[in-house]
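Take a look at the structure set out below.
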Amino acid sequence: MSGSGSVVEPPPPGSSPLDVDEIRAEFPALDQQVHGRDLVYLDNAATAHKPNRVIDAVREHDRATNANVHRGVHALSQRATDAFEEARDTTRAFLGAEDPEEIIWTRGTTEAINLVADAWARRELGPDDEIVLTELEHHSNIVPWQRVREETGARLRVVPIDDDGAVEMDALEDAVGPDTALVTLAHVSNALGTVNDVHAATEIAHDADALALVDGAQAVPHMDVDVQDIGCDFYAFSGHKVYGPTGIGALYGRRELLEEMQPYQAGGEMIRQVTFEETTYACLPAKFEAGTPNITGAVGLGHALDFVTDHGRDSIRAHEDRVLSAATERLAAIDEVEILGTAEDKASVLSFVIEDVHPHDVGTVLDREGVAIRAGHHCTQPVMDKFGVAATCRASFAMYNTVEETEALADAVREAIEIFH
Ligand code: PMP
């Protein structure tokens with residue numbers, strides 16, 4: 001084990017692209033003690049905390065508006081509809097989409113991917129079709145396609161990752177061919193932090209006349225995303241990982257595709273005309289939004305995205321890169337620590353294991369020190385298999401984390417090693 005001396009100097013005051021003290025003051029949940037220690041929250045890939053702006057917007061909406069959308073002629077319903085649709089337009093702008101009707105509200109990334117699997121793949125694909133995905137996908141970008149395979153006979157092709165945890169782009173190119181109907185991959189891996197070249201993956205898909213779906217759950221909070229620049233057909237993300245509420249997220253879909261697709265769920269809101277003989281469907285985006293949506297969630301998400309935009313996604317990325325490098329450097333200096341995921345382009349996730357110590361035990365010791373990390377397979381069991389482990393410890397960073405907190409992480413890791421070795 002290396003000495004406990006600091007290996008990374010915090011940046012001199014004023015040199016950070018973000019005023020992190022000011023940002024932290026916006027997040028009330030950060031200001032607490034856990035087991036008598038100042039909370040160091042490094043579980044942002046699972047869910048991020050919410051700034052006052054989001055908490056207040058949600059409370060205010062519930063307190064003073066709280067009406068159903070699209071159906072009322074009264075003032076509160078109109079106000080709710082305006083706020084709900086404004087949030088959709090904020091999401092459109094945040095993703096660089098052209099048209100708010102290309103933004104479909106969902107419960108999150110999982111439901112967005114299931115929507116595409118159900119409303120497009122299950123109906124369009126057959127035994128001659130292939131879906132290409134990668135070894136680093138979250139289970140929510142694997143299991144829906146396995147169900148499509150069961151129901152349609154379509155085949156899955158899995159593109160391997162290399163020992164650094166980077167997708168082998170040559171293998172991706174080889175895997176895509178005339179039978180490929182869809183290429184689907186994460187923009188950023190939640191288990192390893194790898195940033196995938198989704199531009200290139202989309203181009204490879206389109207060259208083969210296949211569609212491209214990007215799981216943006218771990219990208220949207222950390223970097224600029226422009227779906228038109230990427231060129232993808234679908235892009236999915238979750239509100240709660242980008243400082244918004246749980247239970248809300250969105251699917252971006254290219255307009256022509258969404259128009260051709262069948263509805264996802266059926267019920268109120270998604271119809272144009274209903275008789276017992278026949279039902280016709282509403283236009284976009286209502287066609288995919290059956291039932292009363294998560295109105296408060298959408299309003300809160302709109303404020304969360306504005307919060308991120310106001311601070312600047314390039315500045316957030318630059319700050320988080322600095323925190324990630326500091327954490328990486330500190331943990332790499334500890335002999336018993338092995339870092340998994342060493343791709344050149346990474347964002348905000350640091351996965352590691354400690355020789356002979358179960359990640360859950362590490363997580364428990366860190367928790368006693370006030371440091372919240374995640375220990376487990378991170379819903380990426382194929383990644384665990386690739387690295388020959390059952391689980392990892394994962395520290396994941398947000399715009400409010402500091403270089404100093406990476407020192408607390410390293411100190412707590414050393415404490416765990418001392419206890420278990
Ligand atoms: N994809 C990735 C890469 C994720 O990190 C997650 C959440 N861990 C999901 C999909 C699923 O997101 P949600 O649970 O919010 O639907």
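Positions are given from 1 along the sequence. Counting starts at 1 for both ligands and their atoms, following the listed order.
The shortest distance between side-chain heavy atoms of L251 and Y235 does not fall below 4.5 Å. Under the 4.5 Å side-chain criterion, counting only non-hydrogen atoms from C-beta, Y264 is in contact with N114.
Close contacts of ligand 1 with A217, meaning ligand atoms under 4.0 Å from a residue heavy atom, involve 1 (N), 2 (C), 4 (C), 6 (C), 10 (C). Near Q218, meaning under 4.0 Å from one of its heavy atoms, ligand 1 places the atoms 3 (C), 4 (C), 5 (O). Near T110, meaning under 4.0 Å from one of its heavy atoms, ligand 1 places the atoms 11 (C), 12 (O), 13 (P), 14 (O), 16 (O). Near S140, meaning under 4.0 Å from one of its heavy atoms, ligand 1 places the atoms 1 (N), 9 (C), 10 (C), 11 (C). Set against the non-hydrogen atoms of S238, the atoms of ligand 1 under 4.0 Å away are 12 (O), 13 (P), 15 (O), 16 (O).
The residue A186 has no part lying near ligand 1, judged by heavy-atom distances below 4.0 Å. Looking at D215 against ligand 1, only its side chain comes within 4.0 Å, counting heavy atoms.
Under the side-chain contact (heavy atoms from CB on, under 4.5 Å) criterion, R149 pairs with Q146, L156, sequence neighbours left out.
Sorted by first and then second residue, the side chain to side chain donor-acceptor pair (under 3.5 Å) pairs involving residues 381-390 (not counting sequence neighbours) are D163-K386, H377-Q381.
Under a 4.0 Å heavy-atom criterion, H240 is in contact with ligand 1.
With 3.5 Å as the limit, one finds a donor-acceptor pair spanning the side chains of H240 and T47. If you check the side chains of D229 and H199, you find a donor sitting under 3.5 Å from an acceptor.
Side chain of T152 to main chain of R122: no donor-acceptor pair is present (N/O by atom type, distance under 3.5 Å, no hydrogens or angles).
Counting protein heavy atoms only, atom 4 (C) of ligand 1 is closest to H138 CD2, 3.4 Å.
Atom 8 (N) of ligand 1 has its nearest heavy-atom neighbour, among H139, K241, H378, in K241.
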